[in-house]
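Accompanying notes for the structure given below.
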Amino acid sequence: GAGVSQSPSNKVTEKGKDVELRCDPISGHTALYWYRQSLGQGLEFLIYFQGNSAPDKSGLPSDRFSAERTGGSVSTLTIQRTQQEDSAVYLCASSPSRISGANVLTFGAGSRLTVL
Amino acid sequence: RKEVEQDPGPFNVPEGATVAFNCTYSNSASQSFFWYRQDCRKEPKLLMSVYSSGNEDGRFTAQLNRASQYISLLIRDSKLSDSATYLCVVLEYALNFGKGTSLLVTP
């Protein structure tokens with residue numbers, strides 16, 4: 001596609017429910033990142049996929065968070081048993097390959113998650 | 001995870017003013033540096049990469065000082081449309097973002 005597409009754009013859920021957030025990267029981009037941004041805070045790295053390599057999960061805050069990327073394209077971020085502190089904007093970004101001085105990230109518009 | 005530090009501001013400046021933001025990073029092995037811009041409730045967008053020799057794009061000038069591990073962004077002749085949060089970004093194995101510096105340009 002022309003840009004990084006994320007859905008849903010807004011999600012309100014009750015504490016304890018599971019949520020799935022979807023990211024469709026730019027066609028042909030092999031690198032895909034998930035970040036989250038809490039109100040008034042910077043971007044927090046969550047997970048990174050590069051081609052068919054094992055993902056870098058070092059930023060996931062707890063085992064309630066998981067992500068997969070099927071067929072090297074679409075990615076789903078799953079949050080189980082949501083907590084109020086999970087409320088944030090979840091941003092997906094992609095780049096043509098591993099980030100370098102030339103390859104930069106293009107972000108989607110984000111999925112705003114509110115846990116009541 | 002290594003730190004990227006920025007003055008959060010806000011910087012309130014009149015139209016036409018020159019304003020500078022600094023950013024420090026802790027990982028001396030970092031190789032690539034960027035400034036991103038984020039408008040309110042929008043996603044970050046690349047403003048410019050930062051090259052070792054310094055680089056300029058119109059009214060925007062970026063500088064890198066590897067010895068002191070800081071990056072700067074200079075905006076000349078500020079416009080109202082420059083009002084945004086400016087994110088300093090350092091490449092480690094993922095892009096490591098600072099929390100941003102808020103700029104408000106007033107008439």
Side-chain angles (χ1 to χ4, degrees), chain A residues 3-7 9-10 21 23 25-26 29-50 53-61 67 88-114, chain B residues 1-10 21 23-27 29-55 57 62-64 66 71 84-104:
Chain A
V4 178
S5 178
Q6 291 189 245
S7 61
S9 55
N10 279 286
L21 307 176
C23 172
I26 292 173
H29 280 194
T30 60
L32 186 148
Y33 297 76
W34 283 97
Y35 287 82
R36 75 175 174 181
Q37 188 171 31
S38 302
L39 187 64
Q41 299 298 312
L43 274 75
E44 176 187 4
F45 167 75
L46 297 178
I47 189 168
Y48 160 57
F49 296 90
Q50 173 60 53
S53 302
D56 177 353
K57 304 178 181 180
S58 61
L60 294 178
V89 176
Y90 289 81
L91 290 159
C92 176
S94 70
S95 77
S97 63
R98 189 174 183 85
I99 291 292
S100 67
N103 291 330
V104 292
L105 287 184
T106 301
F107 282 87
S111 292
R112 183 174 299 275
L113 174 66
T114 303
Chain B
R1 178 165 292 275
K2 304 291 186 177
E3 296 297 321
V4 178
E5 301 286 345
Q6 295 182 249
D7 181 345
F21 308 137
C23 163
T24 59
Y25 61 96
S26 60
N27 186 354
S30 299
Q31 292 297 315
S32 298
F33 309 89
F34 309 90
W35 283 101
Y36 274 69
R37 169 190 170 133
Q38 186 172 26
D39 292 287
C40 188
R41 300 178 75 87
K42 298 287 189 181
E43 72 273 22
K45 293 184 178 178
L46 177 68
L47 177 65
M48 59 195 302
S49 301
V50 185
Y51 301 121
S52 297
S53 56
N55 50 298
D57 183 1
Q63 297 277 353
L64 168 64
R66 286 189 185 273
I71 307 150
T85 297
Y86 291 83
L87 304 171
C88 175
V89 188
V90 175
L91 175 63
E92 297 167 9
Y93 58 93
L95 286 185
N96 192 6
F97 286 77
K99 293 185 178 181
T101 297
S102 176
L103 172 66
L104 178 62

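Every chain is numbered from 1, with letters handed out A, B, ... down the list of sequences. Note that this is a predicted model, so its numbers are computed, not measured.
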Tell me whether Tyr35(A) contacts the main-chain N or O of Phe97(B) through its side chain, where contact means a donor paired with an acceptor under 3.5 Å. no

Considering only heavy atoms, which portion of Gln37(A) lies under 4.5 Å from any heavy atom of chain B: side chain, backbone, both, or neither? side chain

Side chains of Leu105(A) and Tyr36(B) in contact at under 4.5 Å (non-hydrogen atoms): yes

Does any heavy atom of chain A fall under 4.5 Å from the side chain of Phe33(B), the backbone, both, or neither of them? neither

Select, from Ser102(B), Pro44(B), Gly98(B), Gly100(B), the one with the greatest count of heavy-atom pairs under 4.5 Å involving chain A. Pro44(B)

Between Leu43(A) and Gln38(B), is the side chain to side chain contact (heavy atoms under 4.5 Å, CB included) condition met? List the steps. CA-CA 11 Å; Leu43(A) 274 75; Gln38(B) 186 172 26; 4.3 Å; yes

Using 0.5 Å steps for rounding, measure from the NZ atom of Lys42(B) to the CG atom of Leu91(A). 12.5 Å

Partner chain A: residue of Arg41(B), Lys45(B), Gln31(B), Gln6(B) with the largest heavy-atom pair count (under 4.5 Å): Arg41(B)

